[in-house]
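Following: one structure in structure tokens, then a few remarks.
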Amino acid sequence: MHDLKSLRDNPAAFDANWARRGLPPQTPAILELDEKRRKLQTELQTAQSRRNEASKEIGTVKSKGGDAGALMAEVASLKDKMATLEIQEKEVADQLTDVLSALPNMVADDVPDGEDENSNVEVRIFGTPKKSNSAVPDHVAIGEALGMMDFDAAAKVAGARFSVNKGGIARLHRALAQLMLDTHTTEHGYTEVDPPLLVNDEVMYGTTQLPKFRDDQFGTTDGRWLIPTSEVVLTNLVRDEILENFEEPIRMTAMTPCFRKEAGSAGRDTRGIIRQHQFYKVEMVSITRPEDSEAEHQRMTECAENILKKLELPFRTIVLCSGDMGFAARKTYDLEVWVPSQEKFREISSCSNCGDIQSRRMKARFKRPGAKDTEFVHTLNGSGLAVGRALVAVMENYYDPEDGGIFVPKALLPYMGGVTKIVKAG
RNA sequence: GGGCAGGUGGCAGAGCGGUUGAAUGCGCUGCUCUCGAAAAGCAGUAUGGGUGCAAGCCCAUCGAGGGUUCGAAUCCCUCCCUGCCCGCCA
């Protein structure tokens with residue numbers, strides 16, 4: 001949702017910003033609806049006011065035993081008028097809401113312009129991608145050779161875009177999640193949360209999955225949704241709140257499965273576990289005051305980077321251009337890890353500052369000491385990290401061509417129960 | 001799943017058809033008193049929206065959505081949620 005008041009004051013700025021995402025001017029239609037709505041509302045409120053007044057008079061007259069017939073007739077005619085106005089007002093208001101909730105967030109000033117991923121800008125790079133004389137097998141080949149990844153079994157029980165990991169690889173996956181959670185909670189100041197994985201419509205609307213991205217979501221037969229990321233739940237924990245004494249950012253992290261239909265991704269990344277209907281992700285969410293969100297965004301991105309540094313995986317950080325950013329984001333940093341089999345950097349984390357677009361939808365506010373009015377908080381979210389993709393990166397970057405095994409990264413040793421290398425059983 | 005009891009302001013808790021956006025208490029803010037503090041007294045203290053230069057005025061909101069009525073926090077219907085008991089089950 002967008003701030004109608006400031007849109008009224010400066011429609012040109014809104015259109016100019018949306019143009020950076022390639023959208024045609026939106027404000028003429030919005031302002032027309034807005035004006036129409038306010039006119040109807042004022043008219044309706046005038047009628048309601050008179051109705052309230054007349055009803056009070058009727059009460060007074062009746063209590064004195066007088067005849068309130070004329071007043072009652074007046075109210076009766078007002079009611080007809082009000083019923084019509086109410087319907088019209090609701091219709092226009094709904095249209096306005098539909099238009100506004102389908103429009104993406106304002107792009108931050110320092111985001112580079114561009115149409116697609118080709119205009120994204122590398123901010124920094126860590127480590128050196130391993131050069132190999134012979135091609136490194138991909139994680140599927142490695143996992144299947146070890147007998148620890150079984151995609152046929154996954155297809156049998158669930159279908160395409162699912163996986164079955166076993167033994168050392170399953171443990172490696174769990175160890176990665178453990179490292180991430182422990183790092184965020186003990187070193188980065190995040191509070192661990194164990195949230196519901198099924199949520200209602202309002203929550204999905206709050207973080208902008210609804211109404212626009214309904215087709216990407218798995219719904220349940222009783223009207224709930226499987227979360228596509230724990231950002232949805234964590235962020236909505238402050239919905240409908242007015243925070244008092246709110247100074248320091250609220251920081252939360254969670255490790256949850258995520259469910260996505262990948263409706264628009266047919267044919268992309270069909271091999272392996274890069275893109276599946278179900279995957280685990282450690283998420284970071286921060287709630288801040290408006291003036292703190294920029295710094296928090298940098299901080300959060302560094303928290304995600306720290307995990308890759310601990311794992312000693314080569315990666316780069318890029319800032320997404322205006323045309324490549326997600327719907328809710330004002331600004332987004334992606335972390336891309338080196339995937340040797342593809343000889344490419346692939347996205348493993350996305351950290352976004354969503355400004356107040358989610359908080360407006362969620363009615364998540366705070367009040368400054370002594371202030372009369374409430375303000376909307378800012379919300380940020382970032383993957384810290386996608387566990388499945390981290391597994392791919394570890395498998396391929398720590399692959400030992402000598403025996404087809406996988407060395408365990410130093411940072412994961414505490415979680416592997418003495419195992420230093422994953423090798424084929426027996 | 002069955003039965004019972006409930007959902008009111010930051011909290012507790014009245015109200016059960018009319019002037020109640022809502023008594024009272026607690027909390028919080030300001031003032032008075034005091035050398036200061038406490039106590040006491042006085043005043044204020046919801047959210048969203050419309051309108052206006054402003055002061056202000058107006059509308060909506062007592063879990064949500066419908067309905068009855070001139071008028072609903074109060075009556076009726078549906079749904080949601082909470083507590084307790086029974087049943088079932090990781």
Side-chain angles (χ1 to χ4, degrees), chain A residues 1-9 30-101 194-206 210 219-225 233 236-247 250 256-257 356-377:
Chain A
M1 195 52 66
H2 300 277
D3 184 8
L4 258 180
K5 281 182 182 164
S6 63
L7 190 145
R8 271 176 222 149
D9 292 341
I30 294 170
L31 290 174
E32 194 187 322
L33 281 170
D34 176 48
E35 202 170 314
K36 205 166 154 191
R37 200 201 108 250
R38 281 188 292 157
K39 191 163 163 282
L40 286 166
Q41 187 182 17
T42 304
E43 213 177 322
L44 174 63
Q45 290 185 351
T46 308
Q48 286 171 328
S49 180
R50 177 57 200 152
R51 188 266 326 263
N52 292 345
E53 198 178 35
S55 291
K56 279 182 188 174
E57 284 178 50
I58 291 169
T60 313
V61 171
K62 279 198 166 181
S63 70
K64 289 175 182 164
D67 175 19
L71 281 166
M72 285 170 71
E74 186 191 349
V75 173
S77 78
L78 273 174
K79 274 178 77 172
D80 289 341
K81 188 180 170 190
M82 280 166 50
T84 312
L85 284 169
E86 259 172 56
I87 292 167
Q88 292 176 337
E89 199 272 346
K90 188 178 185 309
E91 195 182 308
V92 176
D94 286 350
Q95 285 175 23
L96 190 56
T97 305
D98 287 350
V99 173
L100 287 174
S101 44
D194 174 13
L197 307 179
L198 252 38
V199 297
N200 59 33
D201 280 358
E202 289 74 47
V203 162
M204 292 287 272
Y205 175 81
L210 293 180
T220 65
T221 52
D222 68 348
R224 281 179 252 263
W225 302 93
V233 215
N236 273 282
L237 291 178
V238 295
R239 74 174 295 108
D240 280 320
E241 296 283 336
I242 299 176
L243 304 169
E244 304 277 354
N245 303 317
F246 179 54
E247 291 178 3
I250 297 170
T256 68
D356 62 7
I357 194 173
Q358 294 179 326
S359 61
R360 284 180 183 280
R361 290 179 172 222
M362 297 189 300
K363 297 183 175 63
R365 296 153 292 172
F366 73 104
K367 198 180 260 187
R368 296 182 196 272
K372 216 173 82 190
D373 294 324
T374 60
E375 294 174 55
F376 289 104
V377 300

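Taking the nucleotide of RNA chain B with the nearest heavy atom to each of Leu71(A) and Ile242(A), the more 5' of the two is matched to Ile242(A). Each of Ile58(A) and Glu244(A) was assigned the nucleotide of RNA chain B with the nearest heavy atom; the assignment lying further toward the 5' end belongs to Glu244(A).
Taking only side-chain nitrogens and oxygens, Arg224(A) never comes nearer than 4.0 Å to OP1 or OP2 of C80(B). A close approach under 4.0 Å does occur between a side-chain nitrogen or oxygen of Lys79(A) and OP1 or OP2 of G71(B). The phosphate of G48(B) has OP1 or OP2 within less than 4.0 Å of a side-chain N or O from Arg365(A). Taking 4.0 angstrom as the limit, Thr374(A) places a side-chain polar atom (N or O) nearer than this to OP1 or OP2 of G48(B). Contact annotation: Asn52(A) does not reach the phosphate of U19(B) (side-chain N/O to OP1 or OP2, under 4.0 Å). Regarding contacts with the backbone of G18(B), every side-chain N or O of Arg51(A) stays at 4.0 angstrom or more from both OP1 and OP2.
Summarising the base pairing, C79(B) is matched to G63(B) through a Watson-Crick or G-U wobble pair whose two defining distances lie under 3.5 Å. Pair check for G41(B) finds C31(B); Watson-Crick or G-U wobble, both atom distances under 3.5 Å. Of the nucleotides present, C70(B) is the one that pairs with G18(B) by Watson-Crick or G-U wobble criteria, both distances under 3.5 Å. Nucleotide G56(B) forms a pair with U51(B), judged by Watson-Crick or G-U wobble geometry with both contacts under 3.5 Å. Under the Watson-Crick and G-U wobble criteria, each requiring two contacts below 3.5 Å, nucleotide G1(B) is paired to C86(B).
Side-chain atoms of Arg360(A) do not come within 3.5 Å of backbone N or O of Phe376(A) as any donor-acceptor pair.
Residues Phe366(A) and Asn245(A) form no side-chain contact, since every pair of their non-hydrogen atoms from C-beta on lies 4.5 Å or further apart. In this structure the side chain of Val233(A) never reaches within 4.5 angstrom of the side chain of Thr256(A), judged on heavy atoms. Between Asp222(A) and Leu198(A) there is no side-chain heavy-atom pair separated by less than 4.5 Å.
We find that Asp34(A) and Arg38(A) are joined by a salt bridge, their nearest charged nitrogen and carboxylate oxygen being less than 4.0 Å apart. Using a 4.0 Å cut-off between charged side-chain N and carboxylate O, Glu53(A) and Lys56(A) make no salt bridge.
Taking atom C1' on both nucleotides, G13(B) is separated from U19(B) by 24 Å, rounded to a whole Å. Using P as the reference atom, G6(B) and A55(B) are 45 Å apart when rounded to the nearest Å. Only the P atoms considered, G44(B) is 14 Å distant from G25(B), to the nearest whole Å. On the C1' atoms, U69(B) is 33 Å away from G56(B), given to the nearest whole Å. G71(B) and A23(B): their P atoms are spaced 25 Å apart (whole Å). The P atoms of C4(B) and U61(B) are separated by 31 Å, rounded to the nearest whole Å. Across G10(B) and U74(B), the matching C1' atoms stand 25 Å from one another, rounded to whole Å.
Each of Gln358(A), Arg361(A), Arg239(A) was evaluated against Tyr205(A); a single residue qualifies, Arg361(A), per the side-chain contact (heavy atoms from CB on, under 4.5 Å) test.
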For residues 81-94 of chain A, please give each side-chain donor-acceptor pair under 3.5 Å, one per line with the distance, not counting sequence neighbours.
| residue | atom | partner | partner atom | Å |
| --- | --- | --- | --- | --- |
| Thr84(A) | OG1 | Asp80(A) | O | 3.1 |
| Glu89(A) | OE2 | Arg37(A) | NE | 3.4 |
| Lys90(A) | NZ | Asp94(A) | OD2 | 3.0 |

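Nearest nucleotide to the Ser49(A) side chain, out of C58(B), U47(B), G49(B): C58(B).
If you check every strand for non-hydrogen atoms under 4.0 Å, Lys62(A) touches a base.
Residue Asn200(A) contributes atom CG, which lies 14 Å from atom C1' of G63(B) at whole-angstrom precision.
Near RNA chain B, defined here as any heavy-atom distance below 4.0 Å, the residues from residues 31-48 of chain A are Arg37(A), Arg38(A), Gln41(A), Thr42(A), Gln45(A), Gln48(A), listed numerically.
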